[in-house]
There are 2 protein chains.
Amino acid sequence: MGTFSETIVDLKRAGLRPTRQRVALARLLFTGGHRHVSAEELFQEAKAGGIQVSLATIYNTLHQFTDAGLLREVPVDSGQSYFDTNISDHHHFFVPATGTVMDISDGALELGELPTPPDGFEIDRVDVVVRLKVLNG
Amino acid sequence: MGTFSETIVDLKRAGLRPTRQRVALARLLFTGGHRHVSAEELFQEAKAGGIQVSLATIYNTLHQFTDAGLLREVPVDSGQSYFDTNISDHHHFFVPATGTVMDISDGALELGELPTPPDGFEIDRVDVVVRLKVLNG
DNA sequence: GTGTTTGCAAAGTGTTTGCAATTTA
DNA sequence: TAAATTGCAAACACTTTGCAAACAC
């Protein structure tokens, strides 16, 4: 998503009306490199950028983008939801102390054969979270 | 933890006074096979078993047991904490629809070489969560 | 007795919801 | 103008906290 009008086209393609809020949030999220954000972080960032949007709309938008496949929720922390603009298959470092989420670069973590799910179930997705702590702590 | 007095000894060893509530909860948790419980589940189970204990104490106790190394928190779900009586190194299946946590049997999931953590950090632990959905859904 | 633990109720955090007002197409 | 979206405030689920009463040693 480069230009403004490309953003609009992408939102339409995803079945989402390109409202002022959605366009602005999409530009925050998808301009530049990949990001990991919590709702509160995105809210603060929007405010700082002069985007008028409510926290409820931030939550709505994050979930709509996730449903549309533009974002992926990263389940690193019980307590708070994080969203990743990198929707490719990959895993995460997480620093609980600071709430920092980082991608583990492709290939840096090999996941052998997957376990056989119990009867009646199939694997939906596999999430690996490598929890970090500050060295020498 | 088999007998009643063994439970008391184990709690003392962990630096925890063997109060009526702690002993009763320890027996619920550590008698029989390994368990995965949420605070609310343990609370209901305690009530059903005629153990008089408040929800606040359930939370306190779960965290004290975790700090003492008797339990391990399993970070499967943003929104709710689960605790595992199996403190050995292993991973989990999780069924979001039902909130069910299951151990992945040792060796069923091979985790190759771990990624190098960013400078200044070291790996604390690695959690793999295999999310399941009902077959044919 | 002294320090620890408990239970209650209140507060806290992150998230969702109901609905009237606004906006988009 | 009809349908979708927003924003507010209230509700929500889960968890933590403050403090007086109860308990363990």
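The sequence lines fix the lettering, A, B, ..., with proteins before strands; numbering per chain opens at 1.
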Residue whose nearest DNA chain D nucleotide is more 5′ - B/Ser38 or B/Pro18
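Between the two, 5'-proximity favours B/Ser38.
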
Below 4.0 angstrom, N of the basic side chain to O of the carboxylate: do B/Arg35 and B/Glu45 qualify?
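B/Glu45 and B/Arg35: salt-bridged.
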
Are the charged groups of A/Asp124 and B/Lys133 less than 4.0 angstrom apart, N to O?
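A salt bridge is present here (some side-chain N lies under 4.0 Å from a carboxylate O).
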
For the side chain of [X], starting at C-beta, report the closest nucleotide among [options].
X: A/Ala39; options: C/dT23, C/dA25, C/dT15; value: C/dT15
X: A/Tyr59; options: C/dG14, D/dT16, C/dA25; value: C/dG14
X: A/Ser54; options: D/dT5, D/dC14, D/dG7; value: D/dG7
X: A/His63; options: C/dA25, C/dT16, D/dG7; value: C/dT16
X: A/Ala56; options: C/dT17, C/dT24, D/dT17; value: C/dT17

Rounded to whole angstroms, how far apart are [atom1] on [X] and [atom2] on [N]?
X: A/Leu55; N: C/dG14; atom1: CG; atom2: C1'; value: 9 Å
X: A/Leu11; N: C/dA25; atom1: CG; atom2: P; value: 10 Å
X: B/Gln52; N: C/dC8; atom1: CD; atom2: C1'; value: 12 Å
X: B/Arg20; N: C/dT6; atom1: CZ; atom2: C1'; value: 9 Å
X: A/Gln64; N: C/dT16; atom1: CD; atom2: P; value: 12 Å
X: A/Arg22; N: C/dT23; atom1: CZ; atom2: P; value: 15 Å
X: A/Tyr82; N: C/dG14; atom1: OH; atom2: P; value: 9 Å
X: B/Ile8; N: C/dT5; atom1: CD1; atom2: P; value: 15 Å

Once you apply the 3.5 Å cut-off to both distances, tell me the Watson-Crick or G-U wobble partner of [N], or none.
N: D/dC23; value: C/dG3
N: D/dG7; value: C/dC19
N: D/dC14; value: C/dG12

Base, sugar-phosphate, or nothing for A/Ser81, non-hydrogen atoms under 4.0 angstrom?
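Sugar-phosphate, backbone atoms only, no base.
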
Once you apply a heavy-atom cut-off of 4.0 Å, does B/Gln21 come out as touching a base, just sugar-phosphate, or nothing?
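Sugar-phosphate only.
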
Given the structure, check if the side chain of A/Arg17 and the base of D/dT5 hold any donor-acceptor pair shorter than 3.5 Å.
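Such a pair does not exist between side chain and base.
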
Could you check A/His92, A/His63, A/His34 and say which one makes a ring pair (Phe, Tyr, Trp, His ring centres under 6.0 Å) with A/Phe83?
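Exactly one candidate clears the test, A/His63.
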
Please give me the minimum heavy-atom distance between A/Pro115 and A/Ile123, naming the atom from each residue.
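Heavy atoms only, the tightest pair is O-CD1, 3.6 Å.
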
First encountered from the 5' end of DNA chain C, between B/Asn60 and A/Gly79:
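The residue whose closest nucleotide sits nearer the 5' end is B/Asn60.
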
